[in-house]
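What follows is a set of notes on a single structure, which appears directly below.
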Amino acid sequence: MIEVSHVSRFFGNFSAVNDVSFSIPTGQIVGLLGPNGAGKTTTMRMITGFLSPSDGQILIDGVDISQAPVESKKKIGYMPESAPLYGDMIVEDYLKYIAEIHGEDPSVKVPALCAECGLKEVMGKNISDLSRGNKQRVSLAHALMHDPEILILDEPTSGLDPNQVEDVRNIIREIGKTRTVIVSTHILSEVETICSRAIIISGGKVVADSPIEELKERFGHELSVNITVGGGSFDDISAAIKTVSGVDSVTQSADNNTEIENAISIHVSVNGSAEIRPALCKAITEKGYDLYEVSMQRNSLEDVFHALTTANGEEEGK
C-alpha cells in the first residue's frame, strides 16, 4: 500500500508538487493523470525514492521511505518512459544480469518473466534490434524481476502499435490483480480501459481523485446529445430545445463541423441519464427546423480531464 501525505517538492522557488495526498491499496490499478508539467513524474520519483520530498511523508506499507529507503525500494518496481536498457546485450543475458543484481535465481525468474511478458520469441535477440513494443516488454520484465508489491509505470504504451498496446494492457491487468499499480499516461482511453480509479494532478496539486465512473458523473454531464439542425438561428433553435424536459444546457459546437450548408452543430447537455431524443426531435421539427443528425454521447474521461485542468475547471474541482 502507498500513502502519500501532504507531500510537496520545491526546486529553488518553483513548486513542482504542492501538498499532494492520496493512498492506494494493494490490488488497485490507478491512473495518474495531468498535463505536461503538472507534477506527475516528480510525484512518481518521490514515491520510488529517487527524489526526496521537501515536505510531507510517503509510507510504503506503513513505513516511511525516508527512514527505511532500501527496504521500501525492494517493494517497488519502476518502469520509466524511456527505460535505460543495454542495447548491446541479448535479452536473455540482460534479464539474467538483472536477476543476479536483485539476488534472484535467474534459472527460475527469467523463464517465468519470459512467459508473463511474452518475450519467448525475442530472448535470443540483441535489445538494440527489438521493436519499441518488445523493448517495453523487456523493461516491464526488468521492473517485475524482484516480484515487487508496487509497480509504477510511466507511459507504458507510448509509441506502440494497436496490437502491442492491447498486449501490454492485458499484462498490466493481470499484474494488477495482486499488486498496487500506478499508470501515468497521456492516453486517457487507456486509463478508462485498465484503471478503476484516476488521480488528476494540475499545477502540482490533486484536483480530482475518484473511481472513473464517479468522476464522469461528478464533473460534467453523464450524457449529452449532438445534433445538426438547419433552417434557423442558433438562438431560435436553442429556445426550442430548452423547452424539452431533461435538457440542462445548449451550446453551439466550437468548430461547427458540418458539411451541410446553413446547418448548425449543437451540443445538448442532459440532466442525469434522461432519454430526451424523441422529445428533442419533436420540439425541433414542430418549429419547422430541419433535423439532419442526432447522436448520443457519454461523458468521457477526456471531458473530465479538460474540465479539471483548465483554469475554470481547477477552481470547480477545488
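Hydrogens, waters and symmetry mates are skipped; everything else that's a heavy atom, side chains included, is used.
- Between V225 and S295, the closest side-chain pair of non-hydrogen atoms is not below 4.5 Å.
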**Message:** Pair D235, S238 - check side chain to side chain contact (heavy atoms under 4.5 Å, CB included), show working.
**Reply:** CA-CA 5 Å; D235 288 342; S238 176; 5.6 Å; no
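- Contact check for E116 versus L113: side-chain heavy atoms found under the 4.5 Å cut-off.
- Around atom CZ of F10, more than 12 heavy atoms belonging to other residues, nucleotides or ligands sit under 6.0 Å away.
- A donor-acceptor distance shorter than 3.5 angstrom exists from the side chain of S21 to the backbone of H6, with no hydrogens or angles considered.
- Proximity of V165 to P162: side-chain heavy atoms (C-beta onward) are nowhere separated by under 4.5 Å.
- Annotation for S139 and L85: closest pair OG-CD1, 3.7 Å, computed over non-hydrogen atoms.
- I152 and I172 end up in different hydrophobic clusters when Ile, Leu, Val, Met, Phe, Trp and Tyr side chains are linked at under 4.5 Å.
- For the residue pair V244 and A283, the shortest heavy atom distance occurs at CG2-CB, 3.7 Å.
- Separating the CG atom in L130 from the NZ atom in K135 is a distance of 6.5 Å, to the nearest 0.5 Å.
- Hydrophobic cluster membership is shared by I127 and M145, with clusters built from Ile, Leu, Val, Met, Phe, Trp and Tyr side chains linked at under 4.5 angstrom.
- Classification of D147 and R179 as a salt-bridged pair holds, one side-chain N sitting under 4.0 Å from a carboxylate O.
- In the hydrophobic clustering of this structure, L144 groups with V110; members are Ile, Leu, Val, Met, Phe, Trp, Tyr whose side-chain heavy atoms approach within less than 4.5 Å, directly or through other members.
- Applying side chain to side chain contact (heavy atoms under 4.5 Å, CB included) to P156 and the options V181, V183, L151 leaves one that passes, V183.
- Counting only N and O atoms by type, the side chains of T157 and Q136 include no donor and acceptor under 3.5 Å apart.
- No salt bridge links R9 with D55; every basic N to acidic carboxylate O contact stays at or beyond 4.0 Å.
- Side-chain contact between H267 and V250 is absent, with no heavy atoms from C-beta onward closer than 4.5 Å.
- No more than 12 heavy-atom neighbours from other residues, nucleotides or ligands sit within 6.0 angstrom of OH on Y97.
- Atom CZ of R137 is separated from atom CG of D167 by 4.5 Å, given to the nearest 0.5 angstrom.
- Under a hydrophobic-cluster definition in which Ile, Leu, Val, Met, Phe, Trp and Tyr are linked whenever side-chain heavy atoms come within less than 4.5 Å, directly or via other members, I194 and I182 are assigned to different clusters.
- What you find for K74 and H146 is that their closest heavy atoms are O-CD2, 2.9 Å.
- Listed by chain and residue number, E166 satisfy the salt bridge (Lys or Arg N to Asp or Glu O under 4.0 Å) test with R173 (two or more places apart in sequence, or in another chain).
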**salt bridge (Lys or Arg N to Asp or Glu O under 4.0 Å) evaluation trace for D236 with K287** = CA-CA 9 Å; D236 290 340; K287 289 291 185 179; over 6 Å; no
**Request:** Could you walk me through whether I266 and I241 pass side chain to side chain contact (heavy atoms under 4.5 Å, CB included), step by step?
**Result:** CA-CA 10 Å; I266 297 174; I241 293 172; 4.2 Å; yes
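- Side-chain atoms of D105 come within 3.5 Å of backbone atoms of S107 as a donor-acceptor pair (strictly under, hydrogens ignored).
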**Message:** L51 vs F11, test: side chain to side chain contact (heavy atoms under 4.5 Å, CB included). Steps then yes/no.
**Reply:** CA-CA 11 Å; L51 290 175; F11 295 94; 4.1 Å; yes
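- With contacts defined as side-chain heavy-atom distances shorter than 4.5 Å, the pair E81/S184 does not qualify.
- A donor-acceptor pair is defined here as one N or O able to donate and one able to accept, closer than 3.5 Å; such a pair exists between the side chain of E275 and the backbone of R277.
- Under the 4.5 Å side-chain criterion, counting only non-hydrogen atoms from C-beta, C114 is in contact with M123.
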**Message:** Walk me through whether K96 and E92 qualify under salt bridge (Lys or Arg N to Asp or Glu O under 4.0 Å).
**Reply:** CA-CA 6 Å; K96 287 179 178 178; E92 184 173 8; 3.5 Å; yes
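- Between the side chains of E3 and S23, no donor-acceptor pair of N or O atoms lies under 3.5 Å.
- Tracing side-chain contacts under 4.5 Å through hydrophobic residues (I, L, V, M, F, W, Y), one reaches V4 starting from I24; they form part of the same cluster.
- Of the options I260, I227, I264, a side chain to side chain contact (heavy atoms under 4.5 Å, CB included) to Y292 is made by I260 and by none of the others.
- Considering all non-hydrogen atoms of both residues, V20 and G204 come closest at CG2-O, 3.4 Å.
- Between D64 and S66, the side chains place a donor N or O and an acceptor N or O closer than 3.5 Å (distance only, hydrogens not considered).
- The minimum heavy-atom distance between A198 and V191, with the atom names listed, is CB-CG1, 4.5 Å.
- Counting only heavy atoms from C-beta outward, the side chains of C281 and V294 approach each other to under 4.5 Å.
- Ion pairing of D61 with K75 is present here, as a side-chain N (NZ or NE/NH1/NH2) and a carboxylate O approach within less than 4.0 Å.
- Atom CD1 of residue I200 and atom CG of residue L215 lie 5.5 Å apart, to the nearest 0.5 angstrom.
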**Prompt:** Are I199 and V206 close enough, and set up right, to give a side chain to side chain contact (heavy atoms under 4.5 Å, CB included), and what steps lead you there?
**Reply:** CA-CA 7 Å; I199 299 172; V206 173; 4.2 Å; yes
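- Here the closest non-hydrogen pair linking I212 and C195 is CD1-O, 3.3 Å.
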Side-chain donor/acceptor pairs under 3.5 Å, residues 28-46, sequence neighbours excluded:
unit_1: Q28; atom_1: OE1; unit_2: R197; atom_2: NH1; d: 2.8
unit_1: N36; atom_1: OD1; unit_2: H186; atom_2: NE2; d: 3.0
unit_1: K40; atom_1: NZ; unit_2: G34; atom_2: O; d: 3.0
unit_1: K40; atom_1: NZ; unit_2: P35; atom_2: O; d: 3.4
unit_1: T43; atom_1: OG1; unit_2: G39; atom_2: O; d: 2.7

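- A distance of 12.0 Å separates OG in S245 from CG in L280, rounded to the nearest 0.5 Å.
- Between atom CZ of residue F234 and atom OG1 of residue T251 there is a gap of 6.5 Å, rounded to the nearest 0.5 Å.
- I201 has its side chain out of reach of T309: every pair of non-hydrogen atoms, C-beta onward, lies at least 4.5 Å apart.
- Under the rule for a side chain to side chain contact (heavy atoms under 4.5 Å, CB included), the partners of K73 that lie at least two apart in sequence or sit in another chain are P69.
- Taking CG of L140 as the reference point, atom NE2 of H142 lies at 11.0 Å (rounded to 0.5 Å).
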